[in-house]
Structure formats: C-alpha cells, structure tokens
2 protein chains.
Amino acid sequence: MERELLLLGLLRQGEMHGYQLHDFIERNLAFCTDLKKPTAYALLERMAARGWVTVQEVREGHRPPRRVYRLTSEGEAVFQRLLRDNLARFEAAKTGSDVGLAFVDALPRAEALRLLEQRRAALTEQLAAFQSAPTHAGSYQLLIDHQLHYLRSELAWLDDVLARMRAGRLRLVSPRSTPKPKSKEASP
Amino acid sequence: MERELLLLGLLRQGEMHGYQLHDFIERNLAFCTDLKKPTAYALLERMAARGWVTVQEVREGHRPPRRVYRLTSEGEAVFQRLLRDNLARFEAAKTGSDVGLAFVDALPRAEALRLLEQRRAALTEQLAAFQSAPTHAGSYQLLIDHQLHYLRSELAWLDDVLARMRAGRLRLVSPRSTPKPKSKEASP
DNA sequence: TTTTCCATGTAACTCGTTACATGATTTC
DNA sequence: GAAATCATGTAACGAGTTACATGGAAAA
C-alpha cells in the first residue's frame, strides 16, 4: 500500500496526470520507491475505480488527452488511514545483497578485501550524489536526511569490516572441516 | 540471483534436501531473505536442471522421499561468480516504508509524535530480539552484526527526528498554501 | 488423541516488469 | 531533420505467494 499512499499524498497537493506523477517520482523519489510507468497508470486507474480519485480528460492539441486525477474526500480518508498505519509500523529493510557476506570466507582474504573495496567505492559514490543534492523545503527533506544517515551508517559498518579483515581480527570458520551437517543443527 | 547464491552457499557445506534448506533459511536468515517453501523447491529444481547441483532421492519409511541436493563443480563455479559479483556491488535498500515520512506534516504534531513513538517501540523490540540472540561462529555472525548496526542506526535517526519534532525544530511546509502545482516544478 | 512436524509438491493467482505501439511536439 | 519529450496505453511474461493436497511420524 505504500505506492498508493505515495500517489494519494502527491495528489493531495493538487491535481496531476499520470505522466506527471510518474515523472516526479522517478526524478525525486527513485531512491525510496521505484514505480514503473505502466504500474503507475494501472494503480491510478484502480484508485479511480475505487473512488479514491476522480479522473478528468483534458485534451490539448492532438496528443493523447491527459488524464488528470483529483483526490476525493474518500481518497483523503484512505490517505489518512494509510499514513497513520505507515508511520506507526517499522519494517526492517531486507537488503538481500547481504547474503554474500555470509560466504566471504570462501574467498582468499586478499580478494575479499579487493571486492569489498569495490563495494565501498560504489557506496561512497552514492553518498556523494546525495550530499551534493540541494536542500529541499518541507518534510521531503526528511527522506533525504534519512537516506544520508543510512548511507553513512552503511559506510561506517563496511569500514569496520574492512579494518577487521585487514587486521586479521575477523574470526572465520575457515579450515574446511566438512562437517557433513545431516543433523538438525544450525550455524553454517 | 541472491537466492541461488544463498542456496549454493549452503549446499557448499554439504548435501541437503529442500525441506532442510528452507527450514534453515527460515529459522536463521529470515531477517535478510525471505524465501517461501514452493519458491525454494522450484529454485532447487531449476538449479538441478541447469546442472549446478545433482539430485538424489533418498527414501526412508513411508514418507515422501527426500530429494538430496549436492553441489557440482559447475555449481561451485557459479557460486564463485555470484559471490564475487555480490560482494563487489552495493545496493541501497529501498525501505518503501519511508514514504509516509514525506507526509508527516499532514497530521497534527501531537499525533505524528504518538505514531512515531509506536514505530520506535516496534524498532526497539526487533533490536532487543537481535541483541539477545546467541553469538555464532563464522561469517554468519557478520550478518547479525550488520543487522544490529543497521537497527541501532535506524533507532538513532528516529530518536533524532522525534527530538526535533518535540522541540518544534522540524521545518515543515505546513501553512496549507495550496499552490495549485500545474506547472512542471518539483518539491512537494 | 489431537496437534505439530516431516517432506514433497501443484494450481491459481497477484503483482510488477519488459517490450512494444502510437503519434504529436518540442528541442538540438 | 533527427532526437528526445510528452502522453497514453496493451500484451506477454516472469517471479513469487497463497492455498491446497497428501500422508506418515513424532510429540503433547
């Protein structure tokens, strides 16, 4: 429901058509949601079918008419509900890209270091992009602050891992015990 | 490809059947991947079809025979490739649940505070769960360390936001200017 | 004795993406 | 004159989930 929360929230500030909404999201919110064009259009149509928004076709020249969406009071109610729900809940992000770390010990230390330094470079690059972005007004800035905070935290952690690996202080299970884990135990 | 990386990595330590693999992931890795049973089975079959693993049916009693998977050398090669790729890359996690924060200014300050405190409670609960978990050997511990680091960082950030909101130091766009943003501009 | 666990799977479905189609219009 | 932008959409596909089915074994 985050996607509809987002769309409703944007429509709250004024009527917009699909292209506009998608474009705005892609330009400014790509780092927290990613919503493709067909998905956006379909979502908007569904919201219209549910009465959360109204549609008005505005034709201008010979291009496909803009379908301009406007929030209804029902839509506003839904927005309020979704917003409260969203704010009260915490969902830890599942990176998924973490999985590899569980297996670093499969590589020679030197190579693992080299690869993680590549990772670090990618991270600092993203961080730099956010740091150079202009400050915005409104609570949208909160999102950017959060992302900055998150990226810095990731960098700090990665640096810590790198330092520990360089110092050889990372206890890995290595010596290839091949324990034939047919039993019901844990810890790989 | 993270899912296959994970499965291959686990199979690297020894042969296992589907139920075992799924069970292990669900118990120990739920916080970073979530992989349902039918998905796991299907993935394993596909990996077998591609020659990354071999299957051997082991029947025992009158239950459905275990399908025991074993890594092939080709599978090992794929594992190595996926692992290097994974370690070198950094993908910022998209929480999605952040979206709501862009709209906090739609609620009265007091209520926003109340809701974010609920969020904080949920977060500390998850944190507590991880802090009380036993220490593991091997690089699996890295994942847990990372998660702890991440959750603490989120908590710190949330506390900062709460503090700023309480002090009224959070500049929100509030006063309902209703700017009718029909033009091509940004920043809601 | 009833529930939970073991161990597999299928079928239907939802969600979202990719690739494609259209055609005027503005920009280089 | 070519390329990007505006503005909509459809169709096919893929990945993953849910709900269901089976049936013995162990545990409560």
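The sequence lines fix the lettering, A, B, ..., with proteins before strands; numbering per chain opens at 1.
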Original post:
Would a distance-only check, ignoring hydrogens and angles, find a side-chain to backbone donor-acceptor pair under 3.5 Å from B/Arg119 to A/Arg89?
Top reply: yes
**OP:** Calculate the interatomic distance between B/Phe24 atom CZ and C/dA7 atom C1'; express it in whole Å.
**Re:** 19 Å
Original post:
What residues in residues 89-101 of chain A put a non-hydrogen atom under 4.0 Å from any atom of DNA chain D?
Top reply: none
Original post:
Less than 4.0 Å between a side-chain N and a carboxylate O, is that true for A/Lys94 and B/Glu2?
Top reply: no
**OP:** Could you walk me through whether B/Arg46 and B/Glu4 pass salt bridge (Lys or Arg N to Asp or Glu O under 4.0 Å), step by step?
**Re:** CA-CA 10 Å; B/Arg46 204 179 60 181; B/Glu4 19 280 273; 2.8 Å; yes
Original post:
Nearest-Å distance, NE2 (B/His22) to P (D/dT18)?
Top reply: 11 Å
Subject >> Pairing of A/Arg67 and A/Glu45 as salt bridge, 4.0 angstrom limit >> reply: yes
Original post:
Are B/Glu117 and B/Arg114 within salt-bridge range, i.e. N to O under 4.0 Å?
Top reply: no
Subject >> Expected output: side-chain B/His22 to main-chain B/Tyr41 donor-acceptor under 3.5 Å >> reply: no
Original post:
Which nucleotides of nucleotides 8-18 of chain C have their base under 4.0 Å from a protein heavy atom (B), which only their sugar-phosphate (S), and which neither (-), written as one string 5' to 3'?
Top reply: BSB-----SBB
Original post:
What is the distance, rounded to the nearest whole Å, between atom CZ of A/Arg27 and atom C1' of D/dC6?
Top reply: 11 Å
Original post:
Could you give the angle between the helix axes at the two ends of the helix from C/dT1-D/dA28 to C/dC28-D/dG1, with five pairs per end, rounded to 10 degrees?
Top reply: 40°
Original post:
OP1 or OP2 of C/dA7 sitting under 4.0 Å from any side-chain N/O of B/Arg63?
Top reply: yes
Original post:
Going from NE2 on B/His146 to CZ on B/Phe31, what distance comes out if it is rounded to the nearest 0.5 angstrom?
Top reply: 10.0 Å
**OP:** Run the numbers on A/Arg120 and A/Thr124 for side chain to side chain contact (heavy atoms under 4.5 Å, CB included), then give the verdict.
**Re:** CA-CA 6 Å; A/Arg120 189 184 187 282; A/Thr124 52; 3.6 Å; yes
Subject >> Check: B/Leu142 main-chain N/O paired with B/Ser139 side-chain donor or acceptor under 3.5 Å >> reply: no
Subject >> Residues B/Glu57 and B/Arg66 bridged, charged N to O under 4.0 Å >> reply: no
